[in-house]
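These notes concern the structure reproduced below.
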There are 2 protein chains.
Amino acid sequence: MSILLKDIAQATGFSINTVSRALRGDAKISSSTTKLICETAQHMGYMPNSIASSMRSNHSKMVGIISADSANPFFSEVVRGIEEMASKADYHILLASTEESVKKECELIKMFLCRKVDGIIAMPVFDSSPAHLDLYRSLKIPFIFPGRRLEGLGNHSILHNDRDGQRKVIEHLISNGHRKILYIAGPKKVSNTTDRLAGLAEAYANNALEVDPDYIVEASGHIEDGYYLTNQALNRGMGFTAVACFNDMLSMGVLKSLYENNLKVPQDIEVFGYDNLYMSQFMQPSLSTVDVPKYRLGYVAMETLIQHIQDPNLEYSTKDFPTRLVFRETTR
Amino acid sequence: MSILLKDIAQATGFSINTVSRALRGDAKISSSTTKLICETAQHMGYMPNSIASSMRSNHSKMVGIISADSANPFFSEVVRGIEEMASKADYHILLASTEESVKKECELIKMFLCRKVDGIIAMPVFDSSPAHLDLYRSLKIPFIFPGRRLEGLGNHSILHNDRDGQRKVIEHLISNGHRKILYIAGPKKVSNTTDRLAGLAEAYANNALEVDPDYIVEASGHIEDGYYLTNQALNRGMGFTAVACFNDMLSMGVLKSLYENNLKVPQDIEVFGYDNLYMSQFMQPSLSTVDVPKYRLGYVAMETLIQHIQDPNLEYSTKDFPTRLVFRETTR
DNA sequence: AAAAATAGGATTAACGTTAACCTGTTTTCA
DNA sequence: TGAAAACAGGTTAACGTTAATCCTATTTTT
């Protein structure tokens, strides 16, 4: 059916092994032989069978990516960074999304293991069940968590100072005179939610203010949550003067709700997002937010993963990127 | 290192082959034996090596997905449909994006072939170069094009009446009295651009109107194009009273530009998108658009692909889903 | 009661590649 | 000048599964 090493061996008169080595650029094969073999392979339209190669060589040149939420462009950006680096290093990607389900996450890991990926990059659900953690701990292949962390596996993470970023946002709002700030938090099962809430608490504490739990509402992180939760808070007459969101998608829903309720942004209410999605600058009004280096996160995660694949003894160490506030039209 | 069929064979006293067949539910193995083997496998924590399985059985249970543009949530939705169906049928996905580059598309196909995928689902670039088409024609595995088409391979497509949808949009605008409609087209290298432009032409023809090429501008399909092209048209004093876009992302940029130029939507200018992204209902103002069954497109594409994998003699036939206009706040 | 069919499983040989080891020349340089 | 390297490539045996074939009791058929 298709061209095999055997066929090239026959055509050139060399052994299968020599052909295999020549095609892989083995230095033991003379350059003239290598050239002849490569050209013959080219002409015959040889395509290596990576399944067979993986089988024998014990590495698949594939890494498994576990994304979290396909509805949020945040993750597309991270994955784009991963892909870019992967492609440079001639790795390929097996991609799937958990939609924030631990069960699915565990299944994916097992699937990746069966498929013999060389490493895993995951945006894991924050779930402290032993089964989940043990699964990661039992992994014999390298794994990296870009943008998220997992209890006890902190050094596998590449983070971006969530706590710091959220603290700055809240401090800014407080210094602008706001005392009733509605905070739309992310889902509990995401580490960033916890970290950003810690940043919020810190900001209040730094200003000797109490956190009012009524002004912290939980969301799954999608646009509609921002919309409905803002409507709800408004209906309850909570009288907030600023809204800080766990992410930009939520903010988009918030802006919609505020507009429909005839509240002017930023005059009546200031709004802050988090993530700095590309689209946020085109929201109406354009969104003030916290920039997270999404692409870089993915890129570095892949880069780091490859280092660990190449040197299994390499120690893991947390990286932490700085965040940066981006002021646009939703703040004064 | 890890548990193999061999180990289960040793533990149960059956042959490797019997273990393999029992685990796959072969009817030739008695139910008591099957039960014993499966339970033992479970206890020992057996994980099948899909690489080895693929190698021998000649099917990988993987399909390659070629997406087009990672920045557009349209494709995430399609991929979600693909994944859902794939997961039901126990297929897994190798996903990559061309970012609309034919070169990358061809490379991806070859990569998928090397990795022995059982089929391919692609959103191909519309490029009539022989190399590109021949590559698809030479494929010995099934392939489906959801939402796009390729010259001469029309029956591999699952479409959604692009021409019809765009015609309705333009006819609606014309019937609303608009005579100067700015149309922001997609990139030439996407079949939908051509088809939607045909729909536009049809609408004009049906109303005995001439198409003014000056009012048709080309874009790559991203938010910023909508923004800059609208600014540009405004600066040129083109005096249009409606804007129809190739997709919703463009519309988001258009809305931003119009707002910044103090033009009220829909009072001064009506705007129509295309795709009906989830987020479009939250744009400010919410976007009138054409609904495309994105998820369904992906789902059916995968479903169809599996049918073709299971029956290689099955004839290909184009499917065509109906579109539906969605009226929101950007139209009167 | 002998032949045929069936159930249940064992043996053997692949799948296409690469790793490990081996062999025969040619260089090198002490 | 001769022994050790270096060079260039060949041989053989895997990797873990599954397909194809074969075997042997037991049951069914006639």
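Naming convention: chains lettered A, B, ... in sequence-line order (proteins, then strands); numbering from 1 in each chain.
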Please check this pair: side chain of [X] against backbone of [Y], looking for a donor-acceptor N/O pair closer than 3.5 Å.
X	Y	value
A/Thr304	A/Val300	yes
B/Asp118	B/Lys61	yes
B/Ser191	B/Arg149	yes
B/Ser50	B/Ser53	no
A/Thr34	A/Ala22	no

Check your understanding: Once you build an axis from the first five pairs and another from the last five of the helix from C/dA1-D/dT30 to C/dA30-D/dT1, how far apart in angle are they, to 10 degrees?
Key ->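 That helix has its two terminal axes inclined by roughly 30°.
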
With sugar-phosphate meaning primed atoms plus P, OP1 and OP2, does [X] contact a base, only sugar-phosphate, or nothing at under 4.0 Å between heavy atoms?
X	value
B/Ser15	base
B/Ser54	nothing
B/Ser30	sugar-phosphate
A/Ser50	nothing
B/Ile51	nothing
A/Arg24	sugar-phosphate
A/Ser20	base

Review point. Can you give the first and last nucleotides of DNA chain D, 5' to 3', that have an atom under 4.0 Å from a heavy atom of chain B?
Key: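 Contact span on the strand: D/dG16 to D/dA20.
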
Check your understanding: Pick the nucleotide of DNA chain C nearest each of B/Ser57 and B/Ile29; which residue has the one closer to the 5' end?
Key ->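 Of the two residues, B/Ile29 wins.
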
Review point. Hey, are B/Lys104 and A/Glu84 close enough for a salt bridge, meaning a charged N less than 4.0 Å from a carboxylate O?
Key: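 Answer for the salt bridge query: no.
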
Review point. Are the charged groups of A/Glu77 and A/Arg80 less than 4.0 angstrom apart, N to O?
Key: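 Between A/Arg80 and A/Glu77 there is a salt bridge, with a charged N closer than 4.0 Å to a carboxylate O.
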
Review point. Rounded to whole angstroms, how far apart are CD1 on A/Ile16 and C1' on C/dA19?
Key: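 The answer, rounded to whole Å, is 14 Å.
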
Point to revise | Length of the CG-P vector between A/Leu5 and C/dT18, whole Å | key: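 Computing the A/Leu5:CG to C/dT18:P distance gives 6 Å.
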
Exercise for review: For DNA chain C, determine which residues of residues 34-49 of chain A have any heavy atom closer than 4.0 angstrom to one of its atoms, and list them numerically.
Suggested key: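 Output list: A/Tyr46, A/Asn49.
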
Check your understanding: On DNA chain D, nearest-nucleotide positions of B/Met55 versus A/Val19: which is more 5'?
Key ->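 Taking each residue's closest nucleotide, the earlier one in sequence belongs to A/Val19.
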
**Study point:** Results of ring-ring contact (aromatic ring centres under 6.0 Å, His included) for A/Tyr316 - residues two or more places apart only
**Key:**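 Applying ring-ring contact (aromatic ring centres under 6.0 Å, His included) to A/Tyr316 gives A/His156, A/His308.
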
Check your understanding: What pairs with A/Ser20 under side chain to side chain contact (heavy atoms under 4.5 Å, CB included), at least two apart in sequence or on another chain?
Key ->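 A/Ser20 satisfies side chain to side chain contact (heavy atoms under 4.5 Å, CB included) with A/Leu5, A/Arg24 once adjacent residues are dropped.
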
**Study point:** Those residues that, when tested against B/Lys88, pass side chain to side chain donor-acceptor pair (under 3.5 Å) (two or more places apart)
**Key:**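 Checked B/Lys88 against side chain to side chain donor-acceptor pair (under 3.5 Å); matches are B/Tyr299.
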
Review point. In this structure, which one of A/Ile82, A/Val63, A/Ile120, A/Ile158 forms a side-chain contact (heavy atoms from CB on, under 4.5 Å) with A/Ile144?
Key: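 Considering A/Ile82, A/Val63, A/Ile120, A/Ile158, a side-chain contact (heavy atoms from CB on, under 4.5 Å) with A/Ile144 is found only for A/Ile158.
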
